[in-house]
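Structure record follows, encoded as structure tokens.
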Amino acid sequence: MYRDSSLLPAPVSSSRARPSQSICRKWYQLTGLQRCTLLLVLLAVSTLVLLYPARSHPISEEEEWAALERERAEYDVRRERLRGRAQHVPQRMPHADLIVDGLDRGDNGLPHHPPARHDREAEDREEEAEEKLRLLREDEKLRLLRQELREEQQELEDERRAQAELARNGGRPNNNNNDANNHINDANNDKDLHQGQVDEKMKLKEKQALERLQNEALAKLLELQRLQKQNHPDKGIVAAAEQTANGQFGSFRNAVESKDYGPKNSRQEAVVAMFRHAWKGYKDHAWGHDELLPVSRGHSEWFRLALTMVDALDTMYFMGLTAEFAEAREYIAHSLNLDQDVDVNLFECTIRVLGGLLSVFHLSHDRMFLDKANNLGERLAYAFNSGSKVPFSDVNLKTHRAHKPDWGSDSTTSEVSTIQLEFKDLSHLTGIKSYHDRVTEVMQHLKDLPKEDGLVPIFINANSGRFTGNTITLGARGDSYYEYLLKQWLQTGKTENMYKEMYLEAVSGIMRRLVKVSKPHGLTFIQELLGGAESPKMDHLVCFLPGTLALGAANGLDPSHLELAKKLMETCYQMYAVTATKLAPEIVYFQMGEGPDDILIHEADAHNLLRPETVESLFYLYRITKDKKYQEWGWEIFQAFERHCKVSTGGYSSLHSVKENPPRFRDKMESFFLGETIKYMFLLFGENDRILPLDKYVINTEAHPLPIFDPNDKPDL
């Protein structure tokens, strides 16, 4: 709208109008659009003047650089501020990461409008300066590398001069012993060392330094190896290092240096990689706790005794994993607390923790493990304070109060009869006779109880000392009773024939009353007796039996035991082969009537707990028969575990159903997966019988090897 000029005030009379009056008159003569345009122009000019004030002299190069540095500092501040916001309020700033990435690229995270003073010449100067700085850094790296090379060459030159001096002396050492001469000769043989080898040597030194920081004891061991390898002239240094290393690690040096330990083929290397992945999950998310929850990246507690760590000690030893072993040893020595107000199951704590500590003591000769084992044995022994020869199932490590299980009034037959190997070994090592006597009294009591063909019910009352119930199975609650009959006979060099007789009677009863054949393909399996009634049910736990039967046959017992072992081994393998995941369920039933399938799997029984019994028996069958098919079956099982149970962030998980492909995780990695399953797979794929020879060791039910000993000999500790 235009303003009416007739309403304008009359001009002031004057011979010459003042500038302000002239401007006002002209302003009012303008249209509204013209006034807006003029205001915008004035605003733009004012902005330019404020942003770029006039200078009396040109901008120098130093000032230009200073301005660039200020702007760069502002960008850095803004980048860090945005990065912090992106980390703390991602819901409110969903594109914060993009903005920060843009700042890292140099575009401020916004449309790129370079400042007006960033002319092309200034940018070229900045790029040139950055290039010079990069070249200076590269020159410094090259200078350091050349300096290292010169130092190595100087060392070689000094050694050559020493060699020449030795030659001038007619081959007689000049104040040097033979070890020094050997050191010089070795150095002279390396005179063709080049720069690439220097780099490799530096990397090796860095790796050794990191290992020394991880564990002081391992550092001393590595130092001993280095001195011996170089034939160090100072025997006193070598002796001191050896004494220190032996005091802390014992013969673990042999595991590091011996060709017998560690992976020897691609399959064993794959098993070691599986162990490392499982150990990574445990170390990252459950260190010092009992078991890993790999999916939720947490942990579960049972006894608060670092079950997975203790179970895995001898596995690491056989694999030659020195760094992992040293870390675990350090924790057990200084952080494993046995004086806790916690109830533990006598059987589980004995086979896993006591057995694990004793096993690794025998392998390493590290007295710390034996001291821990004896401390634990003293606490567990209070479980024997019952009204009979049969121990209670549970005991408190701190208060020593022993009691029946929470779920019922009875102990389990397999539990009270599967603690003997460990306590007898502890008694032999410590000289504490009560350990041996208490577990022997249990077996003598079981021998005197009435049985049917050597077969026993799965429950026994600790107060009355009598069997309860009439369920007979070689699965849960019954299995290891039969296993330890044979192994107690073997443990003391076949000197206690009571156990041999009990074992032979039991196997005869198994063959007569429990062995059955399925339809239509004729798989041999072990049935259960429920109050005298037959049930074609078989737990995966029963798959320990082929290995036990084969071990007995290899020690001179009836050859028919080996033939039964082979048939049962085929059945246990088929429990894996028939499922969608190629992994076995916890329980199967066998077809005894008409139907297309021998093996039937109920939904409630379809879970897999990463159990070891099948690969355990495969190990025994391969060791004893050398039939390669047992290795091939084991490799198929390994691949199935790797394919379906591996959790990307570390660890392996049990499964809800082996009938589903892909299966669902249960989010639990049992300690026996590292202590038994992986260990038996590693041993199965090995060809060297000197690793764990079966005529020198007996393996407990948690896969912890204990040496066969003469009860009349005193151990050399």
Side-chain angles (χ1 to χ4, degrees), residues 290-291 302-305 307-308 310-311 338 342-359 373 376-386 388-397 400-427 435-436 438-443 445-446 456-463 465 467-469 473-485 487-488 491 539 541-542 544 548 609 611-613 616 670-672 675-676 698-704 706:
D290 282 342
E291 290 171 324
W302 193 4
F303 306 146
R304 302 205 297 268
L305 294 176
L307 289 182
T308 297
V310 178
D311 244 352
L338 299 177
V342 58
D343 288 350
V344 300
N345 178 269
L346 172 64
F347 160 74
E348 294 288 359
C349 196
T350 296
I351 65 170
R352 300 191 195 208
V353 186
L354 183 59
L357 293 171
L358 290 170
S359 172
L376 178 61
E378 291 175 348
R379 298 170 187 275
L380 295 177
Y382 285 93
F384 292 90
N385 295 337
S386 65
S388 68
K389 304 296 183 182
V390 178
F392 285 115
S393 66
D394 295 71
V395 62
N396 188 286
L397 293 180
H400 306 155
R401 175 181 172 271
H403 56 88
K404 60 183 178 60
D406 294 336
W407 48 263
S409 59
D410 299 323
S411 296
T412 299
T413 303
S414 64
E415 294 186 355
V416 302
S417 59
T418 313
I419 53 179
Q420 281 68 23
L421 294 182
E422 297 80 6
F423 275 98
K424 287 181 179 180
D425 186 72
L426 182 60
S427 176
Y435 291 147
H436 174 276
R438 288 185 173 184
V439 295
T440 302
E441 287 175 352
V442 175
M443 294 308 302
H445 178 76
L446 293 176
V456 296
I458 61 174
F459 293 111
I460 188 169
N461 189 277
N463 291 315
F467 289 126
T468 58
T473 176
L474 268 72
R477 308 185 191 281
D479 50 357
S480 50
Y481 163 79
Y482 305 95
E483 174 190 357
Y484 267 38
L485 291 178
K487 291 182 176 179
Q488 286 183 82
Q491 183 183 33
D539 295 353
L541 289 167
V542 180
F544 85 92
T548 299
L609 302 181
R611 286 200 183 276
E613 288 78 22
E616 171 188 351
E670 301 280 353
S671 76
F672 55 65
E676 298 186 73
V698 61
I699 306 174
N700 89 334
T701 197
E702 191 75 9
H704 297 308
L706 302 173

Apply side chain to side chain contact (heavy atoms under 4.5 Å, CB included) to the pair R352 and F672, showing each step before the final yes or no.
CA-CA 8 Å; R352 300 191 195 208; F672 55 65; 4.0 Å; yes

Could you please spell out the steps behind the side chain to side chain contact (heavy atoms under 4.5 Å, CB included) verdict for N385 and R438?
CA-CA 10 Å; N385 295 337; R438 288 185 173 184; 4.2 Å; yes

Would you check, one step at a time, whether the test side-chain hydrogen bond (donor to acceptor under 3.5 Å, both in side chains) holds for H403 with D343?
CA-CA 9 Å; H403 56 88; D343 288 350; 3.0 Å; yes

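To the nearest 0.5 angstrom, H436 atom NE2 is 13.0 Å from F423 atom CZ. Here CD of E613 is found 5.5 Å from CZ of R611. Values are rounded to the nearest 0.5 Å. Within the model, atoms CG of L305 and CG of L357 stand 9.5 Å from one another, a figure rounded to the nearest 0.5 Å. For the atom pair OG1 of T468 and CD1 of I460, the computed distance is 8.0 Å after rounding to the nearest 0.5 Å. Here the CZ-CG distance, from R379 to L354, works out to 13.0 Å after rounding to the nearest 0.5 Å. A distance of 8.0 Å separates CD1 in I351 from CG in D311, rounded to the nearest 0.5 Å.
Considering all non-hydrogen atoms of both residues, V416 and V390 come closest at CG1-CG1, 3.8 Å. When every heavy atom of I419 is checked against every heavy atom of F347, the shortest pair comes out as CG2-CA, 4.0 Å. Heavy-atom minimum distance, T413 versus P457: OG1-O, 2.8 Å. The two atoms that bring Y484 and S417 nearest to each other are CB-O, 3.6 Å, heavy atoms only. Residues K404 and S393 approach most closely at C-OG, 3.6 Å, considering heavy atoms. In terms of heavy atoms, D539 sits closest to G475 at OD2-CA, 3.6 Å.
The backbone N or O of R477 sits less than 3.5 Å from a side-chain atom of S414, completing a donor-acceptor pair. Of the possible donor and acceptor atoms, one in the side chain of T350 sits under 3.5 Å from a partner among the backbone N and O of L346. No donor-acceptor pair under 3.5 Å is formed between the side chain of S386 and the backbone N or O of N463. Checked by atom type and distance alone, the side chain of K389 never pairs as donor or acceptor with a backbone atom of G465 at under 3.5 Å. No donor-acceptor pair closer than 3.5 Å links the side chain of E441 to the backbone N or O of V439. Of the possible donor and acceptor atoms, one in the side chain of D290 sits under 3.5 Å from a partner among the backbone N and O of R304. For Q491 (side chain) and L421 (main-chain N/O), a donor-acceptor pair under 3.5 Å exists by modelled atom type.
Residues S671 and W302 are not in side-chain contact: their nearest non-hydrogen atoms beyond the backbone lie 4.5 Å or more apart. Looking at L474 and Y481, their side chains never come closer than 4.5 Å, going by heavy atoms from C-beta outward. Counting only heavy atoms from C-beta outward, the side chains of F303 and L397 never approach each other to under 4.5 Å. Between N700 and L358 there is no side-chain heavy-atom pair separated by less than 4.5 Å. With a 4.5 Å cut-off on side-chain heavy atoms, T418 and D479 do not count as touching.
Inspection of the T701 and E483 side chains reveals an N or O donor paired with an N or O acceptor under 3.5 Å.
A 6.0 Å sphere centred on OH of Y382 holds no more than 12 heavy atoms belonging to other residues, nucleotides or ligands.
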